[in-house]
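In what follows, every chain begins at residue 1, and chains take the letters A, B, ... in the order their sequences are listed.
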Amino acid sequence: MFSLPRAEWSEPVRVRFAPSPTGYLHVGGARTALFNWLFARHNRGTFVLRIEDTDLARSTEESVTAILDSLRWLGLDWDEGPDIGGPYAPYVQTERLDLYQHYAQKLVEAGRAYWCFCTPEELEERRQQARDNQEAWKYDRKCLHLTPQEQERLRGEGRQPVLRFYSEDTGATVVDDLIRGRMRFENDVLEDFVLLKHDGVPTYNFAAVVDDASMKITHVIRGDDHISNTPKQIQIYRALGWEPPKFAHLSMILGPDHTRLSKRHGATSVGQYKDNGYLPEAMINYLALLGWSLNATEQIFSREELIRHFTLERVGKNPAVFDNQKLEWMNGVYLRKLSPEQLTQAAWPFMQAGGLVQEPSPAEAPAEVRQRVQRALQLMQTRVRTLAAFPEAVRYFFTADNPVEEAAAAFLAQPGAAARLQKLADRLEATEPFHQENIQAAFAAVQEELGISAGELIHPARAALTGRKVSPGIYDVVELLGRDESVRRLRQAAGRS
RNA sequence: GGCCCCGUUGUCUAGCGGUCUAGGACGCCGCCCUCUCACGGCGGUAGCAGGGGUUCGAAUCCCCUCGGGGCUACCA
């Protein structure tokens with residue numbers, strides 16, 4: 001049985017991720033971007049990146065850069081966007097102001113929009129009054145029937161009007177959501193919302209519609225905080241005589257307290273996860289599972305597998321709590337998949353930040369240093385879950401005088417410990433060549449000579465060599481430390497105990 | 001308050017009327033491996049929000065209640 005190529009007969013898929021540059025890329029935004037990207041790639045469609053910077057007060061250039069950086073780090077590449085252009089450029093809303101003006105004019109001409117001179121203060125007053133009377137507030141259309149003369153007069157007074165949409169009074173707007181099914185909204189609950197702000201800049205609902213339509217977006221996949229905007233947008237499409245795209249609303253990502261995930265819950269930006277030592281592959285995989293699943297049995301998916309299997313039908317509709325523990329576990333899974341070279345490359349910046357290496361990259365380090373770092377990282381590869389944990393985990397391989405943990409000190413304080421360490425030092429000093437097999441033999445010889453168990457020698461040795469109670473296998477530790485350093489540490493500890 | 005969305009173990013989820021004494025994953029607990037820790041292997045813990053229907057039969061369909069969330073801006 002062959003499956004037919006998907007969506008081959010209909011128009012090619014075009015989706016977009018449209019962040020507003022008012023901060024960093026949030027994991028919720030990243031998940032939305034990911035689902036759009038997966039949908040586009042799965043359907044061999046186009047993934048568009050558009051910057052929605054109509055909030056002049058809060059949008060910043062730094063945010064744009066940060067968001068683009070995070071998307072690149074995640075490997076979510078776009079086919080059209082602000083930096084690379086495309087057939088529907090520009091991809092930044094503040095560079096498309098003429099377009100919104102043009103369609104605003106069309107709406108005015110069609111009698112579907114009108115100028116409103118009410119000031120925010122006046123509106124607030126009336127809103128408050130409605131609240132006091134326990135009434136639901138909806139813009140009262142005070143300015144709907146202003147004559148041209150009255151409008152002139154108000155403008156003369158220096159009032160800068162907003163443009164309001166004349167929304168439908170009767171009937172209902174139905175949305176057939178690809179994830180949620182049919183949703184129905186009574187039109188009379190919608191007020192005449194603002195299309196153009198007093199400075200002529202469009203509001204989100206207007207700009208998004210004009211752009212989605214003019215950019216030929218076929219599927220709008222976004223967070224469910226936009227569900228209540230959808231009927232407004234559909235009405236705009238209708239008023240302009242346009243065919244609305246298909247909608248798919250993703251449920252929110254929640255914090256542990258089941259409220260919308262926010263800074264209060266700790267790390268929430270993609271950049272923070274990068275800085276905290278997470279791998280982009282792990283992040284992608286984890287985010288994909290937040291709302292999507294193939295069969296609930298498989299958890300680990302490569303990028304290619306996600307693309308191959310991703311469909312909107314398998315996206316769930318219930319909100320998901322972001323689980324840092326599972327992300328961490330998954331990061332560990334991906335960490336263990338890395339080759340020694342990849343591991344070294346990935347962990348290097350953290351090693352540098354931890355002060356264990358000087359060079360900014362493995363390529364710039366002497367081969368000997370590189371080898372040593374690589375080996376140390378390998379020894380900890382199954383024992384650590386984030387890249388950021390490496391420096392602390394391997395520190396004693398790189399520093400001469402290491403603090404001795406309390407638990408480790410107990411091993412050194414045991415009667416006879418000093419003699420054992422002394423003997424071990426002597427043996428190791430004479431071990432040649434200094435490799436695993438011979439090192440193990442040296443340990444065995446001391447044990448036999450002293451008539452003690454492996455643990456009775458190894459535990460104090462570990463304490464002496466690492467200052468810790470736990471470490472990688474002791475023979476690995478000794479080998480990497482090298483003969484001179486191992487002997488030195490053993491004797492030093494023996495002398496102290 | 002109004003409108004809308006959602007509701008399977010602590011968390012992510014499978015389940016689309018019978019194969020469910022509800023499966024997988026994270027977490028947690030125990031055992032094995034073992035020089036410690038981790039990895040790995042094995043096992044355990046815990047759930048269909050509640051109540052009414054429909055049906056021979058409901059986690060699955062309908063209604064109500066309850067709970068959670070979102071929107072209700074000249075923010076997106």
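Between A:Y204 and A:H226, the ring centre distance stays below 6.0 Å. Aromatic rings from A:F165 and A:Y114 are positioned such that their centres are separated by 6.0 Å or more. In summary, the aromatic rings of A:Y278 and A:Y286 are positioned with their centroids too far apart to meet the 6.0 Å limit. Taking the six-membered ring where the residue is Trp, the centroids of A:F39 and A:H219 are separated by under 6.0 Å. Residues A:W329 and A:Y334 keep their aromatic ring centres 6.0 Å or farther apart.
B:rC5 and B:rG40 are spaced 43 Å apart, taking the C1' atom of each and rounding to whole Å. A distance of about 14 Å separates the C1' atoms of B:rA46 and B:rA25, rounded to the whole Å. The gap from the P atom of B:rU21 to that of B:rG2 amounts to 42 Å, rounded to the nearest Å. Using atom C1' as the reference point in both B:rA14 and B:rU9, the two lie 13 Å apart (nearest Å). Separating the C1' atom of B:rG44 from that of B:rC26 is a span of 16 Å, rounded to the nearest Å. Here the separation of B:rC56 from B:rU13, taken at their P atoms, is 35 Å to the nearest Å. Taking the P atoms as reference points, B:rG27 lies 44 Å from B:rA73, given to the whole Å. Using atom C1' as the reference point in both B:rA22 and B:rG47, the two lie 9 Å apart (nearest Å).
With rounding to whole Å, A:R184 atom CZ is found 19 Å from B:rG2 atom P. Taking atom CD of A:Q440 as the reference point, atom P of B:rC35 lies 9 Å away to the nearest angstrom. Spacing between atom CD of A:E186 and atom P of B:rC4 amounts to 8 Å, rounded to whole angstrom units. To the nearest angstrom, C1' of B:rG24 lies 11 Å from CG of A:L289. In this structure, the CG atom of A:N285 is 13 Å from the C1' atom of B:rC26, given to the nearest Å. In this structure, CG of A:D323 is placed 9 Å from C1' of B:rG10, rounded to the nearest angstrom. Here B:rC4 presents its P atom at 12 Å from CG of A:N187, a figure rounded to the nearest Å. Taking atom NZ of A:K326 as the reference point, atom P of B:rG10 lies 16 Å away to the nearest angstrom.
One finds a side-chain N or O of A:R385 lying less than 4.0 angstrom from the OP1 or OP2 phosphate oxygen of B:rG27. The phosphate of B:rC6 (OP1 or OP2) has no side-chain N or O of A:H249 nearer than 4.0 angstrom. Close to B:rG40, at under 4.0 Å from its OP1 or OP2, lies a side-chain N or O of A:R336. OP1 and OP2 of B:rG27 both lie 4.0 Å or more from every side-chain N or O belonging to A:N324. For B:rA14, the OP1/OP2 oxygens have a side-chain nitrogen or oxygen of A:S293 closer than 4.0 Å.
A donor N or O paired with an acceptor N or O is found under 3.5 Å between the base of B:rC37 and the side-chain atoms of A:R383.
For B:rC39, there is no paired base (Watson-Crick or G-U wobble, both distances below 3.5 Å). Across all strands shown, B:rG10 is found opposite B:rC26 as a Watson-Crick or G-U wobble partner, with both distances under 3.5 Å. Using N1 to N3 plus N6-O4 or O6-N4 for Watson-Crick, or N1-O2 and O6-N3 for G-U wobble, each under 3.5 Å, B:rG47 pairs with nothing. Within the shown strands, B:rG70 is the pairing partner of B:rC3 under the Watson-Crick or G-U definition, both distances less than 3.5 Å. Nucleotide B:rC61: paired with B:rG53 (Watson-Crick or G-U wobble, both distances less than 3.5 Å). The partner of B:rC75 cannot be assigned: no Watson-Crick or G-U wobble pair with both contacts below 3.5 Å exists in any strand.
For the residue pair A:R58 and A:S63, no side-chain donor N or O sits within less than 3.5 Å of a side-chain acceptor on the partner. Neither side chain, A:Q93 nor A:D53, offers a donor N or O lying under 3.5 Å from an acceptor on the other. Checking A:S20 against A:D55 by side-chain atom types alone, no donor-acceptor pair falls below 3.5 Å. A donor and an acceptor atom, one from each side chain of A:D211 and A:Y100, are located under 3.5 Å apart.
In terms of position along RNA chain B, the nucleotide closest to A:A320 lies nearer the 5' end than the nucleotide closest to the other residue of the pair A:A320 and A:R462. Residues A:L254 and A:V315 each lie close to RNA chain B; by heavy-atom proximity, the contact nearer the 5' end of the strand is made by A:V315.
For RNA chain B, the neighbouring residues in residues 449-458 of chain A, judged by any heavy atom under 4.0 Å, are A:I458.
Looking at A:D192 and A:K138, no side-chain N of the basic residue comes within less than 4.0 Å of a carboxylate O on the acidic one, giving no salt bridge.
Distance from the side chain of A:K317 is smallest to B:rC6 among B:rC6, B:rC3, B:rC37.
Within 4.0 Å of A:R314, counting heavy atoms only, lie sugar-phosphate atoms of the nucleic acid but no base atom. Within the nucleic acid shown, A:Q325 comes within 4.0 Å of sugar-phosphate atoms alone, with no base atom in reach, counting heavy atoms only. Counting any heavy atom pair closer than 4.0 Å across all strands shown, A:G473 reaches a base atom. Counting any heavy atom pair closer than 4.0 Å across all strands shown, A:F185 reaches sugar-phosphate atoms only and no base atom.
Applying the side-chain contact (heavy atoms from CB on, under 4.5 Å) criterion to A:A136, with sequence neighbours excluded, gives no partner residue.
Of the possible polar contacts, none joining the A:E95 side chain to the A:P90 backbone as a donor-acceptor pair under 3.5 Å is found. A donor-acceptor pair under 3.5 Å links the side-chain atoms of A:R180 to the main chain of A:H249, judged by distance alone.
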### Query
Taking protein heavy atoms under 4.0 Å as touching, what does nucleotides 70-76 of chain B look like 5' to 3' if B marks base contact, S marks sugar-phosphate-only contact and - marks none?
SS-SBBB
